[in-house]
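Read the structure below first, then the notes.
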Amino acid sequence: MTADYAALKVQQLSLAADVVGEGLSRDFSPGFIAGGDVGFEQQGTIARGVIVVLRWPGLEIVEHRIARVPVTLPYIPGFLSFRECPALLAAWQQLTHRPDLLLIDGQGIAHPRGLGVASHIGVLTDVPTIGIAKNRLCGEYSPLEEGAGACQPLYCHHQQAGWVLRSKIRCNPLFISIGHRVSVDMALFWTQQCLRGYRLPEPTRLADGIASRRKGFQRWLNVQ
DNA sequence: GCGACAG
DNA sequence: ATCTTGTCGC
């Protein structure tokens, strides 16, 4: 189960070169927006990939898929995508609806080598993606105000990768970044458009709830 | 050498 | 991520 991290770094740099940091015109009108996240079971030996497809603009769930695949790598900061992409990809290939935008729980290009899980899955599927992380991996930003909506640009390698947004008052901020085929401004705009009173935007909140088997989400665990 | 470090 | 109940604060 040991991995050649030097080789994985080379692979990340190659995939990162394919990331497109622009996209989603001002008149972009999605039919479906999806959320993706990964949970673990069986002592962490099985990855549970979850993708939930919502209809825009109501954000009603129209489909959800769960894929379980064996874990091949341990968790190492900076190499998360190699651990989670297989499960996300398996769930993605089961979808009958084609999302126009995918929000992923994790970093986009706000990553040491510009390839967080959101960017990685974005390049593999060639679909617009946005990284919605609950914690910082890298990058600098100025202190945020207390109120909901407070926002500051997140800089990585002297350039803006995304934003740090306090989506809800009295909650820790979200670390939003370009995943693939979206600009920093559209990444923030669509994340805000998907907020519904919770800290996490609906697509990611639902995928996270199902992937982590939180109370109130078991309903979606069996019925497929 | 020391600290940081998504999920 | 996961193991886990109550509890403090708004």
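Throughout, protein chains are lettered first and strands after them, A, B, ... in sequence-line order, and every chain is numbered starting at 1. What you are looking at is a predicted structure, and each value in this text was computed from that prediction instead of being measured.
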Query raised in the report: Does the side chain of A:F79 come within less than 4.5 Å of A:P77's, by heavy atoms?
Result: no
Let me know the distance between [atom1] of [X] and [atom2] of [N], rounded to the nearest Å.
{"X": "A:L103", "N": "B:dG7", "atom1": "CG", "atom2": "P", "result": "14 Å"}
{"X": "A:F175", "N": "B:dA6", "atom1": "CZ", "atom2": "P", "result": "10 Å"}
{"X": "A:L137", "N": "B:dG7", "atom1": "CG", "atom2": "P", "result": "9 Å"}
{"X": "A:K215", "N": "C:dC3", "atom1": "NZ", "atom2": "P", "result": "13 Å"}
{"X": "A:L200", "N": "B:dG7", "atom1": "CG", "atom2": "P", "result": "10 Å"}
{"X": "A:D37", "N": "B:dA6", "atom1": "CG", "atom2": "P", "result": "15 Å"}
{"X": "A:R113", "N": "B:dA6", "atom1": "CZ", "atom2": "C1'", "result": "12 Å"}
{"X": "A:E140", "N": "B:dC5", "atom1": "CD", "atom2": "C1'", "result": "14 Å"}

Query raised in the report: Is the NZ atom of A:K9 crowded by more than 12 outside heavy atoms at less than 6.0 Å?
Result: no
Establish, with yes or no, whether the OP1 or OP2 oxygen of [N] is under 4.0 angstrom from a side-chain nitrogen or oxygen of [X].
{"X": "A:S81", "N": "B:dA6", "result": "no"}
{"X": "A:R136", "N": "B:dA4", "result": "no"}
{"X": "A:N135", "N": "B:dG7", "result": "yes"}

Report task. Select from A:G39 and A:R170 the residue whose nearest nucleotide in DNA chain C is closer to the 5' end of that strand. Result -> A:G39
Query raised in the report: Stacking here means centres under 5.5 Å and planes under 30°; does A:Y75 stack on C:dA1?
Result: no
**Report entry** same_hphob_cluster(A:I132, A:F217) at 4.5 Å side-chain heavy-atom cutoff
**Finding:** yes
Give [X] one of three labels, base, sugar-phosphate or nothing, depending on what nucleic acid heavy atoms sit under 4.0 Å from its own.
{"X": "A:G131", "answer": "nothing"}
{"X": "A:F82", "answer": "nothing"}
{"X": "A:G116", "answer": "base"}
{"X": "A:F40", "answer": "sugar-phosphate"}
{"X": "A:R214", "answer": "sugar-phosphate"}
{"X": "A:E41", "answer": "nothing"}

Requested in this report: With A:R136 as the cation and A:F175 as the aromatic partner, state whether NZ or CZ is under 6.0 Å from the six-membered ring centre and within 45° of the axis.
Outcome: no
Requested in this report: Inspect the contact between A:E41 and A:R48 and indicate whether a charged nitrogen and a carboxylate oxygen are less than 4.0 angstrom apart.
Outcome: yes
